[in-house]
Amino acid sequence: MNKFIKNSRLCFSHFQTKLLCAFLLCTLIPIFIIGGISYAVSYNIAEDKILNASISSDEQLHTQFYNRLLQMENVADSLQYDMYNLMQAETTIDTLAALSETRSNLSMFKSSFNLAYIGIFLPDDHLGSLENLYFFPLSELSDFQIPKKALENPGTSSIWFHQKGLSIPFLVSNNHDISDTIACCRILKHPDTDIIEYAYIVHINTSEFSSILQESFQDKNISSYILTDNGEIIASNNDALISTPFDEKKFDFLFQNKNSIKKESHVTYHTAQLQNGWLHVTEIPDSYIRQNTRILINSILLTILISLPLTILVVILFSKNLTLRIKALSKAMETLQLDASDNKIQDLVSKDRNPETFDEIDKLGVTFQKMQHSLNDNLQSILELSLAEERLKYQLLQSQINPHFLYNILGSIQTCQSLGKLDIANQMLTNLTRFYRMTLRKSKDLITIRDELTIAKLYLEIEKLCHNDNLTWEINMEDGIDNFLICKFTLQPFLENSILHGISQSTPEIHISINLSYGDDTVLISITDNGIGIKEEQLQELRKTLSEKIVNYEKHFGIGNVNKRISNPYFGNGRISIESRLFEGTSITIEFDQMEENDEESNDCR
């Protein structure tokens with residue numbers, strides 16, 4: 001008897017045996033009792049949830065497809081204005097200008113909306129019909145697979161069709177593998193002669209829709225596809241369906257039950273009509289529901305098995321020591337804070353124990369302690385590298401603005417020399433020397449507002465030599481504000497824009513007002529001119545450049561560069577806004593945090 005008890009104790013001294021006993025005692029009994037009761041209820045609930053989840057995902061895809069096709073419609077609507085200007089041009093110069101503007105808009109639409117191609121068809125005798133990049137003669141319109149009924153009586157609505165084997169000119173193609181596209185066509189006929197005056201077609205790649213479907217429905221048991229109004233599948237999560245003929249009865253059933261959920265022959269069909277009249281269909285077979293329901297039911301039973309209070313109680317009684325050590329390790333992980341400078345490392349294993357007696361939990365605790373030491377040692381290095389990266393990005397932007405400014409000034413000097421105004425050119429060179437002596441002497445990223453205003457005045461004096469008495473300026477500021485810091489070369493790009501784009505025949509004299517005032521722990525700088533102002537389209541484009549922090553090397557470079565630099569949290573966390581009205585002037589407002597000399601030193605230390 002004593003030997004039996006001794007052997008039993010030896011067997012139960014192993015953690016695996018204890019856990020196995022707890023499993024047998026606490027799970028086998030309730031699994032037979034609870035499993036039978038929960039099966040029937042869980043099956044019905046799981047079936048509804050799986051079906052609803054699939055349909056919900058499908059509805060999101062439908063919205064995405066609907067908006068994508070609507071986007072093509074909007075592009076087609078926008079092109080109508082360009083086509084009107086193109087067809088109304090009377091002279092050759094006007095026609096060339098209209099062709100150039102339309103071509104630019106086509107390129108913009110194609111890149112902005114990720115379109116496969118846009119083709120415009122003009123009368124064969126039109127000046128641009130032989131361009132063969134975006135413009136083609138109307139005689140080639142028959143090469144496209146436009147439905148004959150729509151071509152005979154197009155009306156004013158869009159004509160949607162599936163274009164196979166589309167050939168795109170090499171010079172305007174971003175993807176040479178494009179073969180099938182969804183096409184949105186507009187055709188205008190003369191009301192009296194019924195002759196086509198012009199047409200244009202907007203294309204997107206069908207593989208775009210197939211990729212979206214494949215990402216959303218990776219399980220091939222569910223079939224999701226786009227069905228045209230002539231019974232053709234053009235996109236699907238299963239490539240094999242695209243080349244498969246579509247059953248006529250099934251086609252009639254789907255179009256009769258569009259925008260609905262119907263079940264037919266052990267398959268649930270979710271059908272939604274797209275913006276162009278085509279259908280987005282998702283087929284969910286009963287076999288898929290049964291398969292996933294089985295997994296869900298097993299998961300529910302397993303959850304019940306693990307969560308039974310009796311299981312928890314027995315496991316705790318048999319593995320108290322293990323639970324305490326796991327809790328200690330878990331607490332150490334929860335309290336670990338990588339950003340805490342006084343983070344203390346807890347001892348998870350007693351130092352008096354022999355390492356040879358450590359089990360897996362003890363070794364895990366030792367490994368965690370080493371990892372914690374390593375993280376604490378490396379955290380500061382990571383932070384320093386991040387700050388260094390931000391500073392390098394700022395310095396790159398700063399280095400790019402100087403050549404841009406120098407190029408413009410040297411151009412003005414060259415112009416003066418060409419016109420024989422050598423005295424003005426010499427004076428500009430002298431001022432330019434003073435200007436760069438000042439900027440190079442201030443080598444730090446942040447300089448005082450006082451120094452920045454000195455740089456701005458030197459620049460204005462250079463520009464005044466080019467514009468005689470047509471340029472005047474004034475600077476107003478509150479007391480003490482010029483002691484705060486500002487990113488170097490912040491004001492010059494805005495002053496340059498006020499002069500270059502503000503002076504016109506209607507506004508030959510330009511006056512610039514620079515005002516500096518205190519905000520709520522910020523510095524406010526406004527630059528106002530009485531120039532010609534900015535058109536609404538350009539104004540919106542500038543505001544987009546500012547809001548998205550874009551640095552475009554070909555357009556609005558100076559403004560974008562300044563905005564990118566001062567928006568950095570380490571260099572003022574600044575914001576720029578712009579207001580303008582045609583023939584009334586433009587106002588720029590720059591707001592950034594108040595920074596003093598010790599702030600810059602702190603940044604350097606970091």
Side-chain angles (χ1 to χ4, degrees), residues 391 394-395 397-399 401-402 405 409 430-464 471-499 502 510-530 546 558-559 561-579 585-606:
R391 183 171 293 277
Y394 173 89
Q395 291 174 350
L397 290 171
Q398 171 66 39
S399 66
I401 194 70
N402 288 322
F405 159 77
I409 292 299
T430 301
N431 290 346
L432 182 62
T433 302
R434 294 173 55 207
F435 179 88
Y436 268 100
R437 184 180 296 115
M438 178 65 183
T439 56
L440 293 175
R441 183 168 58 87
K442 302 296 180 179
S443 60
K444 293 184 178 180
D445 297 330
L446 296 173
I447 62 175
T448 63
I449 294 177
R450 183 186 308 106
D451 291 334
E452 178 68 10
L453 288 175
T454 302
I455 295 173
K457 291 176 185 177
L458 287 172
Y459 170 73
L460 290 172
E461 290 175 0
I462 294 173
E463 288 292 347
K464 187 173 182 180
L471 172 63
T472 59
W473 65 84
E474 61 176 338
I475 300 176
N476 302 305
M477 60 181 171
E478 297 184 10
D479 292 340
I481 200 169
D482 56 345
N483 293 317
F484 289 111
L485 299 177
I486 187 174
C487 288
K488 186 169 65 174
F489 246 60
T490 294
L491 302 181
Q492 184 274 330
F494 295 105
L495 297 175
E496 180 179 352
N497 280 354
S498 295
I499 297 171
I510 191 78
H511 179 74
I512 300 175
S513 178
I514 304 175
N515 296 288
L516 298 91
S517 59
Y518 292 101
D520 187 9
D521 293 329
T522 60
V523 176
L524 293 172
I525 301 178
S526 65
I527 302 174
T528 306
D529 65 63
N530 60 344
L546 295 175
I559 294 177
N561 184 293
V562 172
N563 184 59
K564 183 74 173 179
R565 284 189 290 126
I566 70 167
S567 63
N568 191 306
Y570 299 109
F571 300 103
N573 198 25
R575 298 161 294 281
I576 298 175
S577 61
I578 181 170
E579 300 291 337
T586 302
S587 178
I588 305 289
T589 301
I590 307 170
E591 183 178 6
F592 53 90
D593 296 339
Q594 294 179 2
M595 298 177 291
E596 299 180 284
E597 290 288 347
N598 55 348
D599 295 328
E600 184 181 29
E601 293 174 0
S602 177
N603 282 340
D604 293 337
C605 292
R606 287 184 292 184

Working for side chain to side chain contact (heavy atoms under 4.5 Å, CB included), residues L471 and W473: CA-CA 7 Å; L471 172 63; W473 65 84; 4.2 Å; yes
Pair T586-N497, side chain to side chain contact (heavy atoms under 4.5 Å, CB included): steps then yes or no: CA-CA 10 Å; T586 302; N497 280 354; over 6 Å; no
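Between the side chain of R565 and the backbone N or O of K488, at least one donor-acceptor pair lies under 3.5 Å. No donor-acceptor pair under 3.5 Å is formed between the side chain of Y459 and the backbone N or O of P493. A donor-acceptor distance shorter than 3.5 angstrom exists from the side chain of Q594 to the backbone of T522, with no hydrogens or angles considered. Distance alone, capped at 3.5 Å, is enough to place a donor-acceptor pair between the E452 side chain and the L491 backbone.
Separation of atoms OG (S567) and CG (N573) is listed at 8.0 Å; rounding is to 0.5 Å. Expressed to the nearest 0.5 Å, how far CG of L546 lies from CD1 of I576 amounts to 6.0 Å. Taking CE of M477 as the reference point, atom CZ of R450 lies at 8.0 Å (rounded to 0.5 Å). Distance CG/L453 to CD1/I447: 9.0 Å, rounded to 0.5 Å. Atoms CD and CG, from E596 and L446 in turn, are 12.5 Å apart once rounded to the nearest 0.5 Å. Taken from CD in E591 to OG in S526, the straight-line distance is 11.5 Å, to the nearest 0.5 Å.
Residues T490 and C487 come closest through the heavy atom pair OG1-O, 2.5 Å. For S498 against I527, the heavy-atom pair with the smallest separation is OG-CG2, 4.3 Å. Residues T528 and S587 come closest through the heavy atom pair OG1-OG, 3.4 Å. Considering every non-hydrogen atom in both N483 and T448, the closest pair reads O-CG2, 4.2 Å. Contact record, F494 with V562: CE1-CG1, 3.7 Å, taken as the closest heavy-atom pair. Summarising the geometry of F592 relative to I449, their closest heavy-atom pair is CZ-CD1, 4.3 Å, with the distance given to 0.1 Å.
Contact annotation: the side chain of I486 approaches that of I525 to within less than 4.5 Å [non-hydrogen atoms, C-beta and beyond]. Side-chain contact between E461 and L458 is present, with at least one heavy-atom pair separated by less than 4.5 Å.
Residue-environment remark: CG (D520) stays at or below the threshold of 12 foreign heavy atoms within 6.0 Å.
Partner of I512 under the side chain to side chain contact (heavy atoms under 4.5 Å, CB included) criterion, out of L460, T472, I475, N530: L460 alone.
A donor atom on one side chain and an acceptor atom on the other are found under 3.5 Å apart for S513 and N515.
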